Amino acid sequence: MKPAPASLRHRVERLRAEIERHNRLYHVLDNPEIPDAAYDRLMAELRALEQQHPELVVPESPTQRVGGSPVPEFAEVRHQLPMLSLDNAFAREDVEAFDRRVRERLETDEQIGYACEPKLDGLAVSLTYRDGLLALGATRGDGTIGEDVTHNIRTIPTVPLRLSGRGWPDLLEVRGEVFMSSAGFDEMNRRANEKGEKIFVNPRNAAAGSLRQLDPRLTASRPLEIYFYSAGRVEGKPLPDLHSEILKVLRGWGLRTSPETQVVTGVDGLLGYYEDIGRRRSSLRYQIDGVVYKVDSIEQQRRLGFVARAPRWQIAHKFPAEEEMTTVRAIEWQVGRTGALTPVARLEPVFVGGVTVSNATLHNIDELKRKDVRVGDSVIIRRAGDVIPEVVRVIIEKRPSKSSSVRLPQKCPVCGSAVEREEGEAVARCTGALTCPAQLKESLRHFASRRALDIEGLGTRLIDQLVDAGLVRNPGDLFKLTVEQLANLDRMGDRSAANVVESLEHSKQTTFARFLHALGIRDVGEATAEVLAQHFRSLDALRSSPAEAIEEVPDVGPVTAGHVHAFFADSRNAKVIDALIQHRVRWPAVQGNSMRDSPLSGKTIVLTGKLSTMSREEAGDHIRKLGGKVAGSVSKNTDLVVAGGDAGSKLKKATQLGVKVLEEAEFLKLIGRKR
DNA sequence: TTGCCTCGAGATCA
DNA sequence: CTCGAGGCAA
């Protein structure tokens with residue numbers, strides 16, 4: 001093939017620039033200059049030229065949005081700056097309190113400038129541009145680690161593959177919300193319906209599902225959009241010092257921001273914005289579940305800082321949750337792992353807040369009595385806090401004439417054992433322990449779960465069958481199962497059965513902490529299991545300890561210590577544990593850094609700056625594991641400050657107060673981690 | 001709590 | 001083709 005002549009190269013460049021300009025006019029500025037057909041002709045010409053001269057193709061060419069080949073799996077991405085969650089406000093008082101807190105912390109009586117925007121119902125993503133080219137697109141994940149979905153992000157027409165304009169930093173991380181417009185969603189479903197394909201139930205799930213496709217061609221066929229709402233990591237050039245100005249420069253680089261953003265002053269401004277958007281909510285092109293307020297000044301944001309996992313300078317003001325009426329078909333009692341009886345309302349299915357709700361927990365007997373929900377009642381349902389369905393109230397006028405209050409059962413509805421309710425406790429419990437099939441099933445689920453023994457393939461269905469068939473009466477029985485027994489069950493062939501036996505075998509090699517966690521002792525979750533393991537080091541030491549000795553463990557109080565001691569004192573539990581050990585469930589000896597001789601034990605430590613080898617969360621976990629406490633700010637009570645790169649005011653304060661400061665390398669040595 | 005995607009494997013039908 | 005497990009997101 002002949003190399004492309006310079007004139008052709010030039011033409012290709014011109015075409016790309018032209019197409020990108022029209023993209024920007026169309027998607028970002030919402031102001032197209034040429035008809036679609038003319039745009040299509042430009043694209044067609046570019047495609048033809050690139051086909052004839054493949055050496056001219058570059059990844060950022062507008063023709064390369066769909067990279068072609070599916071990815072084998074999603075890679076993990078660590079967010080350099082964590083993607084935090086945000087606090088919620090539901091009532092105007094919450095907003096007033098927010099504004100008051102902000103002014104108190106900033107020690108000002110002046111009205112605060114706030115940047116406001118709608119809170120879109122989509123999913124948060126982080127995009128990284130290096131030298132102006134899209135390099136990475138990732139989901140939020142847990143805020144620290146997300147998934148690499150670059151191949152799918154590239155297919156979104158409103159995402160520029162190359163930044164336009166000038167003056168962008170060498171490295172720019174931007175955050176935004178990927179969503180589907182209501183019209184796009186309806187149109188997509190209409191087409192899917194015509195073709196007899198399955199339709200999506202709501203735009204949010206459709207958008208989330210689309211980003212999780214392995215094959216970008218499928219994603220490209222979904223009407224995804226994006227609005228950017230903030231900058232993350234920036235290197236090489238500072239951004240403006242007002243949030244609203246940052247949004248402006250982002251827009252200048254072709255990154256679409258919400259046209260509804262607005263800067264207001266003071267709490268009245270916030271509430272006015274909320275009402276304005278609320279009035280226009282139904283005429284917006286997309287679904288929103290509230291609005292977001294941010295302190296506009298970046299300097300003020302910095303001074304306000306963070307609390308736990310949310311910044312103090314922003315808050316989401318949610319619209320009231322959508323409510324629907326339905327009827328109660330039944331009220332059932334669920335028996336949990338610890339025997340706790342929970343009343344659950346089985347409802348006539350009703351579509352509310354984008355999903356079909358047919359169950360709603362009533363939490364406990366007190367809650368049930370307070371609301372006096374009865375079978376046959378008409379009730380108001382909403383999805384509280386985004387997720388969990390809630391019975392708001394009963395419509396008394398519609399109550400059937402002969403109905404009666406639900407009472408706490410005297411006997412366990414599953415096994416018939418006595419039900420006990422301790423003085424002053426809200427929960428009632430079945431006393432059947434592992435003889436109760438419900439408790440047994442839940443215990444086994446917990447035992448096999450990922451953070452416990454992690455037995456792959458042992459799911460709900462299989463556990464139900466094993467218990468119902470009488471094959472398993474306690475966790476120890478799991479390890480007696482044979483391929484033949486398993487293969488006899490529903491939907492279990494030889495292959496599946498062998499896989500389960502294999503993963504059971506695999507799960508026997510565990511850690512002391514996981515083992516303790518798996519036992520399901522009351523009040524012993526992952527964290528407590530970890531400190532118990534560190535403190536006692538061996539099962540025998542723990543088993544033979546009196547409650548007082550267990551109480552010596554940091555963060556373990558008399559109640560938890562009592563539960564732990566009682567658990568091991570129970571001969572039924574002892575038998576199960578012995579059986580597990582007999583089946584060679586085992587773990588490596590717990591290593592050196594016992595809490596007692598750890599250098600961090602009882603120390604208060606502050607982390608500042610970026611560590612190169614781990615996230616702050618991880619560093620915090622290490623410290624806590626070694627008996628230390630992590631604090632957010634430096635004071636005279638601080639024993640130690642760990643300074644990573646770019647450490648700021650906390651380091652300064654530490655020096656002022658004469659607090660000992662450790663570099664990352666020294667810290668790693670201290671926690672017994674080498675580089 | 002629900003909905004979505006992916007994967008492995010069992011069930012079903014030609 | 002269908003189902004269950006497992007993982008993710010809000």
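Side chains are part of it too, since the values below use all heavy atoms of this structure and drop only hydrogens, waters and symmetry mates. If you're wondering where the values come from, they're calculated on a predicted model, not measured in any experiment. Lettering of chains follows the sequences in order, A, B, ..., and the numbering in each one begins at 1.
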Sub-6.0 Å ring centroid separation between A/Y227 and A/Y286: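 A/Y227 vs A/Y286: aromatic centres under 6.0 Å.
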
Distance flag, aromatic centroids of A/F185 and A/F200, threshold under 6.0 Å: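 No, they do not, as the ring centres are separated by 6.0 Å or more.
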
Mind checking if [X] touches a base, just sugar-phosphate, or nothing, with heavy atoms under 4.0 Å?
{"X": "A/G354", "answer": "nothing"}
{"X": "A/A124", "answer": "sugar-phosphate"}
{"X": "A/G122", "answer": "sugar-phosphate"}
{"X": "A/E73", "answer": "nothing"}
{"X": "A/T361", "answer": "nothing"}

Please confirm whether the shortest side-chain N or O distance from [X] to OP1 or OP2 of [N] is below 4.0 Å.
{"X": "A/T139", "N": "C/dA9", "value": "yes"}
{"X": "A/N202", "N": "B/dC4", "value": "no"}
{"X": "A/K119", "N": "C/dA10", "value": "no"}
{"X": "A/R450", "N": "C/dG7", "value": "yes"}

Whichever of A/P389 and A/I199 has its nearest DNA chain B nucleotide further upstream toward 5':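 Its nucleotide being nearer the 5' end, the pick is A/P389.
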
Toward the 5' end of DNA chain B, by each residue's nearest nucleotide, A/A360 or A/V201: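 By nearest-heavy-atom nucleotide position, the 5'-most residue is A/A360.
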
For atom CG of A/L211 and atom P of B/dC5, their distance in whole Å: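 In whole Å, B/dC5 P lies 11 Å from A/L211 CG.
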
Side chain to side chain donor-acceptor pair (under 3.5 Å), paired with A/D372, selected from A/K369, A/R374, A/R370: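 Answer to the side chain to side chain donor-acceptor pair (under 3.5 Å) test with A/D372 among A/K369, A/R374, A/R370: A/R374.
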
Sequence-aligned protein contact record of nucleotides 6-14 of chain B, with B where the base is within under 4.0 Å of a protein heavy atom and S where only the sugar-phosphate is: SS-BSS---

Exceeds 12 heavy-atom contacts within 6.0 angstrom, atom CG of A/N359: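 Yes - once you tally the heavy atoms of other residues, nucleotides and ligands closer than 6.0 Å, there are more than 12.
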
Per A/S358 side chain, nearest of listed nucleotides C/dA10, B/dT2, B/dT1: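 Within the option list, the nearest is B/dT2.
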
Closest to the A/V355 side chain, choosing from C/dA5, B/dC4, B/dT2: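 Looking only at heavy atoms from C-beta outward on A/V355, the closest nucleotide is B/dT2.
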
Ring geometry between A/F306 and A/W313 (parallel below 30°, tilted from 30 to 60°, perpendicular above 60°):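 Aromatic pair A/W313/A/F306 classed perpendicular.
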
The single option from A/I365, A/V414, A/L362 passing side-chain contact (heavy atoms from CB on, under 4.5 Å) against A/W333: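 By the side-chain contact (heavy atoms from CB on, under 4.5 Å) criterion, A/W333 pairs with just one of A/I365, A/V414, A/L362: A/I365.
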
Residue of the set A/L211, A/T150, A/V149 for which side-chain contact (heavy atoms from CB on, under 4.5 Å) holds with A/F74: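 Exactly one candidate clears the test, A/V149.
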
